[in-house]
Amino acid sequence: MKKYYQDIVDEVFGCTYRHRTLRTLFDPDSSEWQETAIDEKVQILSKLIGSNKITIHEILRGYVHFYKYELAGKKHVLDSLQDGLGMLLAESILPSEKEKSLIK
């Protein structure tokens with residue numbers, strides 16, 4: 001039986017992880033998003049992908065499936081997925097303010 005992405009999140013973090021739904025990573029409109037700084041979000045995602053237990057594609061497919069079918073009453077969560085991904089991507093590839101000052 002294939003594992004749900006949330007089960008793999010728990011496995012990687014060694015407990016029932018408090019951010020197991022990953023709204024803290026992908027839903028800027030949620031209260032969960034407010035609970036972590038952007039660098040912590042990048043660390044969470046890096047740890048998951050670095051575990052080699054799940055890929056980014058599997059995480060996203062699982063996330064979409066969960067909110068589209070299993071919690072159908074919360075389909076609105078998916079409306080902000082692209083924004084959340086964009087913010088994570090920007091943070092992970094754009095230089096920080098400190099790095100920008102070193103470049104000048």
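Values reported hereafter were calculated over all heavy atoms of this structure, with side chains retained and with hydrogens, waters and symmetry mates removed. Values in this document were obtained by computation on a predicted structure and should not be read as measured data. Here, residue 1 is the first one in the sequence, and each next residue gets the next number.
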Margin query: Using the side chain to side chain contact (heavy atoms under 4.5 Å, CB included) definition, which of the options K74, Q6, R61 pairs with F66?
Written below: Q6
Margin query: Exactly one of L60, L48, T21 should register a side chain to side chain contact (heavy atoms under 4.5 Å, CB included) with Y5. Which one does?
Written below: T21
Notebook entry, point to check: Should K41 and E91 count as an ion pair when the cut-off is N to O under 4.0 Å?
Noted result: no
Note to self: Holding to side-chain contact (heavy atoms from CB on, under 4.5 Å), I want the full list of residues that pass it with S30, two or more places apart in sequence or in another chain.
What the structure shows: R23, D27, E32, W33
Next item on the list: Report yes or no: do L85 and I38 belong to one cluster of Ile/Leu/Val/Met/Phe/Trp/Tyr joined by side chain heavy-atom distances under 4.5 Å?
Entry: yes
Check: Can you find a heavy atom in the side chain of H19 that is under 4.5 Å from one in the side chain of V9?
Finding: no
Notebook entry, point to check: Mind checking whether I56 and Y4 sit in one hydrophobic cluster, side chains of I, L, V, M, F, W, Y counted as touching below 4.5 Å?
Noted result: no
Next item on the list: Kindly check if the number of other-residue, nucleotide or ligand heavy atoms within 6.0 Å of CD (E70) is above 12?
Entry: yes
Item checked: Rounded distance [0.5 Å steps], CG in L25 versus CD in E40 -> 9.5 Å
Checklist line | Validation row: T55, I49 side chains within 4.5 angstrom (heavy atoms) | finding: no
Margin query: Can you tell me how the ring of F13 sits relative to the ring of Y17, calling it parallel under 30°, perpendicular over 60° and tilted otherwise?
Written below: parallel
Next item on the list: Determine, stepwise, if the pair L88 / L45 fulfils side chain to side chain contact (heavy atoms under 4.5 Å, CB included).
Entry: CA-CA 9 Å; L88 281 171; L45 190 56; 4.1 Å; yes
Next item on the list: With the side chain counted from C-beta on, respond yes when L78 and Y63 share a heavy-atom pair under 4.5 Å apart, and no when they do not.
Entry: yes
Next item on the list: Report yes if some heavy atom in the side chain of F26 is under 4.5 Å from a heavy atom in the side chain of I59; otherwise report no.
Entry: yes
Check: What is the minimum heavy-atom distance between S80 and P28, and which atoms define it?
Finding: O-CD, 3.5 Å
Margin query: With a 6.0 Å cut-off (strictly less than), is the heavy-atom count around NE2 of H76, excluding the residue itself, greater than 12?
Written below: yes
Notebook entry, point to check: side chain to side chain contact (heavy atoms under 4.5 Å, CB included) between E11 and K3: does it pass, once the steps are laid out?
Noted result: CA-CA 11 Å; E11 212 173 275; K3 291 184 182 180; 2.3 Å; yes
Check: Looking only at heavy atoms, which two atoms of K53 and E58 are closest? And how far apart?
Finding: O-OE1, 4.3 Å
